[in-house]
Amino acid sequence: MYPQLEINLAKLRRNAKEVVSRCTAQGITVAAVVKGYWADPRMVRAYLDAGAKQVATSRVSQIRKMKEAGIDDVPFLLLRVPQMCELEEVAKYADYSLHSDLSVLQEYNRVCEELDVVRNVIVMADLGDLREGFWDKDEMVDACVFVDRGLHNLHLAGIGVNLGCYGAIQPTPEKMHDLLAIAGRVEERIGRKLEFISGGATSTYTMVHWGTLPEGINHLRIGEGVIPAYDLPFDWGITDLLDYTDRDIFTLRAQVLEVRTKPSYPQGTFCIDCFGGKPTFTDRGERKRALVGIGRADAGNVMDIMPRMEGVEVLGGSSDHLILDVEDCKTELKAGDVLEFDIRYSVMLPITNSPDVEKIYVE
Ligand SMILES: *Cc1c(COP(=O)(O)O)cnc(C)c1O
């Protein structure tokens, strides 16, 4: 059945091995971030086979799902700073969690006390990307000291930062030195070393690749970096990443519903499209188009679906359709043909959770 998503586990395993071994060589523990594909247990296993020492995801429900699938021989890290309402679940399922709010930490400590467990926490600094984290670094150091001394059912395992997400701020050696400076202040106050100074995500892996990551950063949380479709090679210009990793872990296949030559400019009075938008069109005259059976309901941003066949271009889509320009395509396409596509992160995220997309695995 189509649409169909082929997942190449051997390639994932190989990519992860290359990335993890480069981190390990620099003394960095890798947390395998698996939220981009809803913690698909077979993909998680492949990543763990490659030597990742922790599994990380943004949602407690995914940790529960992994444990139910028999993955329980590895510590779990919760990435999204927890909601007040889910602290009991966090205490039950997450060995480590990231934090940025003192009142949540206090409540988390109370919940852990009630459950008679001690849980590890990593306190986050905001170094300019403007998502989670303490902005005032004195306040952050004080909070860390308070956790260490005053919250006995929490263990302050480390501090961390997230960059290159909301604010698109590049992780640089300077930002890492800022984080190391905070760690130094905390360590001096609590009189011991922190286990983890967590320097960020795939965007921080760029410095491992270039050999510019300052010593002392000993933990990274890597998701997209082992699925290097576009992020590192193209967005970051690290094309030599492709010397040691494969791009095509995912192959999306979808079926052609209709092929017709039509005007490229819509005919009639313009109002709005099916999502309330007012799109603009360029009149390129009559062009051959193919309508394909996958849409935004399955794939999110259809503009991030990349046709593998030459001369095929994505024009757009609706909830259930993808519309392609195939005028310059050398192959004579017809209804029933199956096309292959690469996908970016924004497509991987919804499509790996779509009940109507069949997943097949290649070992
Ligand atoms: C999603 C996430 C990551 C991993 O991001 P990638 O770009 O996929 O490596 C790391 N840390 C946090 C806090 C995250 O939310």
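Position 1 is the first residue of the sequence; numbering continues from there. Owing to the predicted nature of the structure, the values given are computational and were not obtained by experimental measurement.
Under a cutoff of 6.0 Å and an axis angle of 45°, R296 and F275 form a cation-pi pair. In this structure, R22 forms a cation-pi arrangement with Y244, its terminal cationic atom sitting closer than 6.0 Å to the ring centre and no more than 45° off the ring axis.
In the hydrophobic cluster analysis, where Ile, Leu, Val, Met, Phe, Trp and Tyr join through side-chain heavy atoms closer than 4.5 angstrom, V314 is grouped apart from Y265. Transitive grouping of hydrophobic side chains (ILVMFWY, heavy atoms separated by less than 4.5 Å) brings L12 and I71 into a common cluster. Linking ILVMFWY side-chain heavy atoms closer than 4.5 Å, directly or via other members, places Y108 and L98 in two distinct hydrophobic clusters. Both L179 and V123 are part of a single hydrophobic cluster, where members link through side-chain heavy atoms under 4.5 Å apart. Transitive grouping of hydrophobic side chains (ILVMFWY, heavy atoms separated by less than 4.5 Å) keeps V338 and L333 in distinct clusters.
Looking only at atom types and distance, the side chain of R247 has a donor-acceptor partner in the side chain of Y230 under 3.5 Å away. Judged by distance alone, the side chains of Y205 and D231 never bring a donor and an acceptor atom under 3.5 Å apart. With 3.5 Å as the limit, one finds a donor-acceptor pair spanning the side chains of N162 and R221.
In this structure, E195 and T29 have side chains that are not in contact, with every pair of non-hydrogen atoms separated by 4.5 Å or more. M306 is listed as a side-chain neighbour of R344, based on a closest heavy-atom distance under 4.5 Å. Residues I159 and M140 form a side-chain contact, since some pair of their non-hydrogen atoms from C-beta on lies under 4.5 Å apart. Within the 4.5 Å cutoff, the side chain of V111 has no heavy atoms near those of the R119 side chain. With a 4.5 Å cut-off on side-chain heavy atoms, V30 and V19 do not count as touching. Under the 4.5 Å side-chain criterion, counting only non-hydrogen atoms from C-beta, I227 is not in contact with N15. Side chains of I182 and L127 form a contact here, defined as non-hydrogen atoms less than 4.5 Å apart. Within the 4.5 Å cutoff, no side-chain heavy atoms of Q54 are placed close to those of D95.
Atoms CZ and CD, from R13 and E363 in turn, are 6.0 Å apart once rounded to the nearest 0.5 Å. Here the CD atom belonging to E258 is positioned 8.5 Å from the NE2 atom belonging to H321, to the nearest 0.5 angstrom. Atom CG of residue L324 and atom SG of residue C329 lie 9.5 Å apart, to the nearest 0.5 angstrom. In this structure, the separation between CG on L130 and CH2 on W135 is 5.5 Å, given to the nearest 0.5 Å. Rounding to the nearest 0.5 Å gives a distance of 7.5 Å between CZ of R253 and CZ of R308. In this structure, the separation between CG on L252 and CD1 on I343 is 6.5 Å, given to the nearest 0.5 Å.
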**Item:** Audit row: E18, R14, salt bridge (Lys or Arg N to Asp or Glu O under 4.0 Å) steps and yes/no
**Value:** CA-CA 6 Å; E18 295 288 344; R14 221 161 38 231; over 6 Å; no
**Request:** Carefully, step by step, assess V34 and M66 under the rule side-chain contact (heavy atoms from CB on, under 4.5 Å).
**Result:** CA-CA 10 Å; V34 298; M66 285 185 271; 3.9 Å; yes
**Prompt:** For I190 and C144, what are the C-alpha separation, side-chain angles and deciding distance, and is it a side-chain contact (heavy atoms from CB on, under 4.5 Å)?
**Reply:** CA-CA 9 Å; I190 65 176; C144 288; 5.9 Å; no
**Request:** Take R185 and D138, measure what salt bridge (Lys or Arg N to Asp or Glu O under 4.0 Å) needs, and give me the verdict at the end.
**Result:** CA-CA 9 Å; R185 288 177 61 192; D138 296 332; 2.8 Å; yes
**Message:** Test side-chain contact (heavy atoms from CB on, under 4.5 Å) on W236 and Q170; report intermediate values, then the result.
**Reply:** CA-CA 10 Å; W236 287 87; Q170 183 174 354; 3.8 Å; yes
**Request:** Check step by step if side-chain contact (heavy atoms from CB on, under 4.5 Å) holds for Y47 and V20.
**Result:** CA-CA 9 Å; Y47 201 156; V20 171; 4.0 Å; yes
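Although no hydrogens or angles enter the test, the distance criterion places a donor-acceptor pair under 3.5 Å between the side chain of E187 and the main chain of L194. Not one N or O on the side chain of D298 forms a donor-acceptor pair closer than 3.5 Å with the backbone of I351. For S264 (side chain) and R284 (main-chain N/O), a donor-acceptor pair under 3.5 Å exists by modelled atom type. A donor-acceptor contact shorter than 3.5 Å links the side chain of E86 to the backbone of Q83. The backbone N or O of V259 sits nowhere less than 3.5 Å from a side-chain atom of K334 that would complete a donor-acceptor pair. Listed for the D126 side chain is a donor-acceptor partner under 3.5 Å among the backbone atoms of G128. In this structure a side-chain-to-backbone donor-acceptor pair under 3.5 Å is present from K65 to W38. At distances below 3.5 Å, not a single donor-acceptor pair connects side-chain atoms of N120 with backbone N or O atoms of S97. For K175 (side chain) and P173 (main-chain N/O), no donor-acceptor pair under 3.5 Å exists by modelled atom type. A donor-acceptor distance shorter than 3.5 angstrom exists from the side chain of Q26 to the backbone of V208, with no hydrogens or angles considered.
For the salt bridge (Lys or Arg N to Asp or Glu O under 4.0 Å) test with K288, the passing option among E327, E313, E332 is E332; the others fail.
With a 6.0 Å radius and a threshold of 12 heavy atoms from other residues, nucleotides or ligands, D116 has its CG atom at or below the threshold. Crowding of Y166 atom OH: a count of heavy atoms from other residues, nucleotides or ligands under 6.0 Å not exceeding 12. Few gaps surround CZ on R192; more than 12 heavy atoms of other groups in view lie less than 6.0 Å from it. Environment of NZ in K359: crowded, with over 12 heavy atoms of neighbouring residues, nucleotides or ligands closer than 6.0 Å. For M1, the CE atom counts as loosely surrounded, since its 6.0 Å shell holds 12 or fewer non-hydrogen atoms of other residues, nucleotides or ligands.
D142 and R189 are joined by a salt bridge, as a carboxylate oxygen and a charged side-chain nitrogen come within less than 4.0 angstrom of each other.
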